Student: 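Here you go, one structure.
Predicted model only: the values in this text are computed from it and were never measured. Every number for a ligand or one of its atoms is a count from 1 in the order of the listing. Residue numbers start at 1 and run along the sequence shown.
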Amino acid sequence: MGKIKSKQKIIINGQKRLSGQVRVAGAKNAALPELAAVLLSKGPFKFQDVPLVEDIKVMFHALENLGASGEFNGNKVHIETPRITSELVPREIVETSRASILILGPLVARNGYARVSKPGGCNIGDRNINYHLQGLRLMGAVIDEEHEHIVARAPRPLKAIEYEFPAQSVTGTENLLMAAALADGTTVLKNCALEPEVGDLIELLQAMGSEIDGKDTTTLTIKGKTSLKGTSHKMIPDRIAMGTYVIAGCLGENQITVENARPEYIRSLLDVLEQIGVNLVIGEDTITVAPNGLSRAVEVVTEPYPGYPTDLQAQLTMLLTQVDGVSRIKETIFNNRFQHAHQLNLMGADIDVDEVEHIATIKGITPLRGTRLMATDLRASAALVLGGLIASGRTVIENAYQLFRGYEDMPGKLKTLGADISVEY
Ligand code: EPU
């Protein structure tokens, strides 16, 4: 279970009619590597559309601890690191997030030494970092894994490499991309992740002066530079928040429009919803959900982008409890990512999880009733919120910190749509 960070609870009185518009914030999983990338240069940097979520505050704090100075102004961040003043990313700061592993590459590339806490983040199964370490070692880093920390020493500059990821890794691709940006020579990375957040990081690095070829393909070629400059950058919208609000729109009878959307980022979700029978109106940067019945059960498999995202698996599991028939979801990315199923069953859902094959079988339609639930991880907590919106009576979700790690003001946004939702501290 995710670490209990606070006593925050979310309280929902369900079955209110939701309608209206909701705007998606910038992508957490773009903002995390992009803030880490500021360590590659003295800066200064100006970022727009930075999501105000707990994981990003953790990253900002970790950067300040390394010598960066900056400020948040709404969703804008100004930040610069004229000098690295510490090489330590301590556990107390980063224990709840993936910040430390994303800092490792850029910090060792610029500083030649890094001592970072082993990464935390959602407890959703094995989250190996062997590709990150393998790549950095090939670049010349000597890495020791101590009890709590990863300690890396490296020549400056790092050496360019040719490396093929054994399997696609989002933060693995991002880490080696950042390290390669300051390496001596031309690095070729193969079997890279294709997630839009990787593409956004490439755009940032290019604006910093990096020469990178192959954006949106699995082979990236990075010509290392001796120095990189500060720049301005606007983060792409959060496709997982986008998908979560689209799914929220499928649960009621009225229209919900998701704004600041990039429909192409969640094509795999929109295809599944169309199969289920949801009526979608897709604009250039809006998605309107006009539900007309959830009529057909589906079979879905999570996959790396552009396949169906693991980060929208919990929310879809919740939706499928309201779809007539037997649906199945196979989770292929993480090996412990069905904790929400047990919580949804407490609400009256009928979900059977095969823990060996990582398949959830969901029998719908089951009415849900409000009860006391535990948010086990970020996306599970979003699924429980969605459940609470349609449940009869009162739902109390403990350990709400999990939700705030990655969704900017979800209670406020749902309230604007008409939900009866509040946060108790
Ligand atoms: N893997 C390895 N070795 C590695 C790296 C990955 O075996 O060195 C394996 C993992 O164990 C996993 C698979 O490869 O089975 C994919 O992991 P990946 O490295 O792609 O995941 P990640 O980079 O740790 C990012 C997101 C996650 C998202 C996954 C998959 C960030 C900060 N995190 O994690 O986001 O689920 O990609 O798309 O970008 C979330 O936002 O809720 C979240 C968990």
Side-chain angles (χ1 to χ4, degrees), residues 2 25-37 51 53-56 58-59 62 94 96-105 118-138 143 145 150 163-178 189 191-201 218 235-236 238-244 265-266 268-269 302-315 331-337 339-340 358 375-383 402-408 410:
K28 170 194 73 117
N29 288 348
L32 277 172
E34 288 171 2
L35 285 173
V53 297
E54 295 301 322
D55 274 13
I56 297 303
V58 165
M59 173 59 93
V94 293
T96 54
S97 92
R98 307 297 289 164
S100 63
I101 188 65
L102 281 166
I103 286 175
L104 180 64
K118 288 189 176 164
C122 282
N123 183 6
I124 50 184
D126 295 332
R127 299 196 71 177
N128 298 323
I129 51 167
N130 50 325
Y131 313 154
H132 302 239
L133 303 188
Q134 224 165 40
L136 290 172
R137 283 185 172 123
L138 290 170
I143 302 178
E145 289 190 70
I150 298 164
Y163 180 70
E164 178 162 351
F165 287 93
Q168 288 181 343
S169 162
V170 177
T171 51
T173 302
E174 293 165 347
N175 223 349
L176 296 192
L177 249 177
M178 291 190 279
L189 299 176
N191 198 23
C192 292
L194 292 169
E195 271 68 3
E197 294 76 21
V198 175
D200 203 43
L201 174 66
T218 53
M235 275 140 199
I236 55 170
D238 194 310
R239 66 196 161 93
I240 306 303
M242 208 178 290
T244 304
Y265 289 173
I266 52 166
S268 57
L269 168 69
T302 63
E303 287 171 332
Y305 190 87
Y308 190 89
T310 175
D311 291 347
L312 284 171
Q313 180 260 101
Q315 304 87 323
E331 170 61 58
T332 70
I333 309 291
F334 294 111
N335 57 11
N336 183 26
R337 210 174 196 182
Q339 296 176 74
H340 47 280
H358 310 297
T376 51
D377 59 80
L378 165 57
R379 306 303 169 188
S381 64
Q402 288 295 335
L403 185 79
F404 304 139
R405 286 184 42 219
Y407 285 95
E408 185 181 275
M410 185 183 265

Student: I'd like the name of whichever of Tyr131, Tyr407, Phe334 reaches closest to atom 17 (O) of ligand 1 through any heavy atom.
Tutor: Phe334
Student: Using a distance threshold of 4.0 Å (strictly less than), state whether atom 9 (C) of ligand 1 has a protein heavy-atom neighbour.
Tutor: no
Student: Closer than 4.0 Å to some heavy atom of Arg127 - which atoms of ligand 1 meet that?
Tutor: 11 (O), 22 (P), 24 (O), 27 (C), 34 (O), 44 (C)
Student: Which ligand 1 atoms are under 4.0 Å away from a heavy-atom of His132?
Tutor: 8 (O)
Student: Minimum distance, heavy atoms only, to atom 26 (C) of ligand 1: which one of Asn29, Ile101, Leu378 is it?
Tutor: Asn29
Student: Distance from Glu174 atom CD to Leu32 atom CG, nearest 0.5 Å?
Tutor: 8.5 Å
Student: Checking Tyr407 against Val53 for the side-chain contact (heavy atoms from CB on, under 4.5 Å) test, could you report, in this order, the C-alpha distance in whole Å, the side-chain angles of both residues, the deciding distance, and whether it holds?
Tutor: CA-CA 6 Å; Tyr407 285 95; Val53 297; 5.5 Å; no
Student: Could you identify the single nearest non-hydrogen protein atom to atom 22 (P) of ligand 1 and state the distance to 0.1 Å?
Tutor: Thr171 OG1, 3.5 Å
Student: Compare Val170, Asn130, Ile129 and give the one whose heavy atom is closest to atom 18 (P) of ligand 1.
Tutor: Val170
Student: Taking atom types as modelled, find out whether His340 and Gln313 have a side-chain donor-acceptor pair closer than 3.5 angstrom.
Tutor: yes
Student: Near Arg98, which atoms of ligand 1 are under 4.0 Å from a heavy atom of that residue?
Tutor: 24 (O)
Student: Flag Asp311 as yes when one of its N or O atoms lies below 3.5 Å from any N or O atom of ligand 1, and as no otherwise.
Tutor: yes
Student: How far apart are the C-alpha atoms of Glu197 and Lys28, what are their side-chain angles, what is the distance that settles it, and do they pass the salt bridge (charged side-chain N to carboxylate O under 4.0 Å, His left out) test?
Tutor: CA-CA 9 Å; Glu197 294 76 21; Lys28 170 194 73 117; over 6 Å; no
Student: With atoms numbered from 1 as shown, which atoms in ligand 1 lie under 4.0 angstrom from a non-hydrogen atom of Ile333?
Tutor: 12 (C), 15 (O), 16 (C)
Student: Where is the nearest protein heavy atom to atom 41 (O) of ligand 1: which residue, which atom, and how far?
Tutor: Arg379 NH2, 2.7 Å
Student: Nearest protein heavy atom to atom 30 (C) of ligand 1, by residue and atom, and its distance?
Tutor: Thr310 CG2, 3.8 Å
Student: With atoms numbered from 1 as shown, which atoms in ligand 1 lie under 4.0 angstrom from a non-hydrogen atom of Leu32?
Tutor: 32 (C)
Student: Quick one, Arg337 with Asp311, criterion salt bridge (charged side-chain N to carboxylate O under 4.0 Å, His left out). Give me CA distance, side-chain angles, the key distance, then yes/no.
Tutor: CA-CA 9 Å; Arg337 210 174 196 182; Asp311 291 347; 2.7 Å; yes
Student: For atom 14 (O) of ligand 1, what's the nearest protein heavy-atom neighbour? Residue, atom name and distance, please.
Tutor: Gln168 O, 4.1 Å
Student: Under 3.5 Å, is there a donor on one side chain and an acceptor on the other for Thr310 and Glu331?
Tutor: yes
Student: Heavy atoms only: give me the nearest Glu303-Ile333 pair and the separation to one decimal.
Tutor: C-CD1, 3.8 Å
Student: What distance do Met59 atom CE and Glu54 atom CD have between them, rounded to the nearest 0.5 Å?
Tutor: 14.5 Å
Student: Test side-chain contact (heavy atoms from CB on, under 4.5 Å) on Leu176 and Phe165 and set out the steps.
Tutor: CA-CA 10 Å; Leu176 296 192; Phe165 287 93; 3.6 Å; yes
Student: How far is atom 19 (O) of ligand 1 from its nearest protein heavy atom, and which residue and atom is that?
Tutor: Ser169 OG, 2.7 Å
Student: Give me the nearest non-hydrogen protein atom to atom 4 (C) of ligand 1 as residue plus atom name, then the distance to 0.1 Å.
Tutor: Asn128 O, 3.0 Å
Student: Run the contact test for Lys28 against ligand 1 with a 4.0 Å cut-off on heavy atoms, strictly below, and give the result.
Tutor: yes
Student: Numbering the atoms of ligand 1 from 1, which are under 4.0 Å from a heavy atom of Asp126?
Tutor: 11 (O)
Student: So do Pro166 and Gln134 actually touch side chain to side chain, heavy atoms under 4.5 Å?
Tutor: yes
Student: Minimum heavy-atom separation for Leu269 and Gly243, please, with both atom names.
Tutor: CD2-CA, 3.5 Å
Student: Which of the numbered atoms in ligand 1 are below 4.0 angstrom from a heavy atom of Arg337?
Tutor: 36 (O), 42 (O), 44 (C)
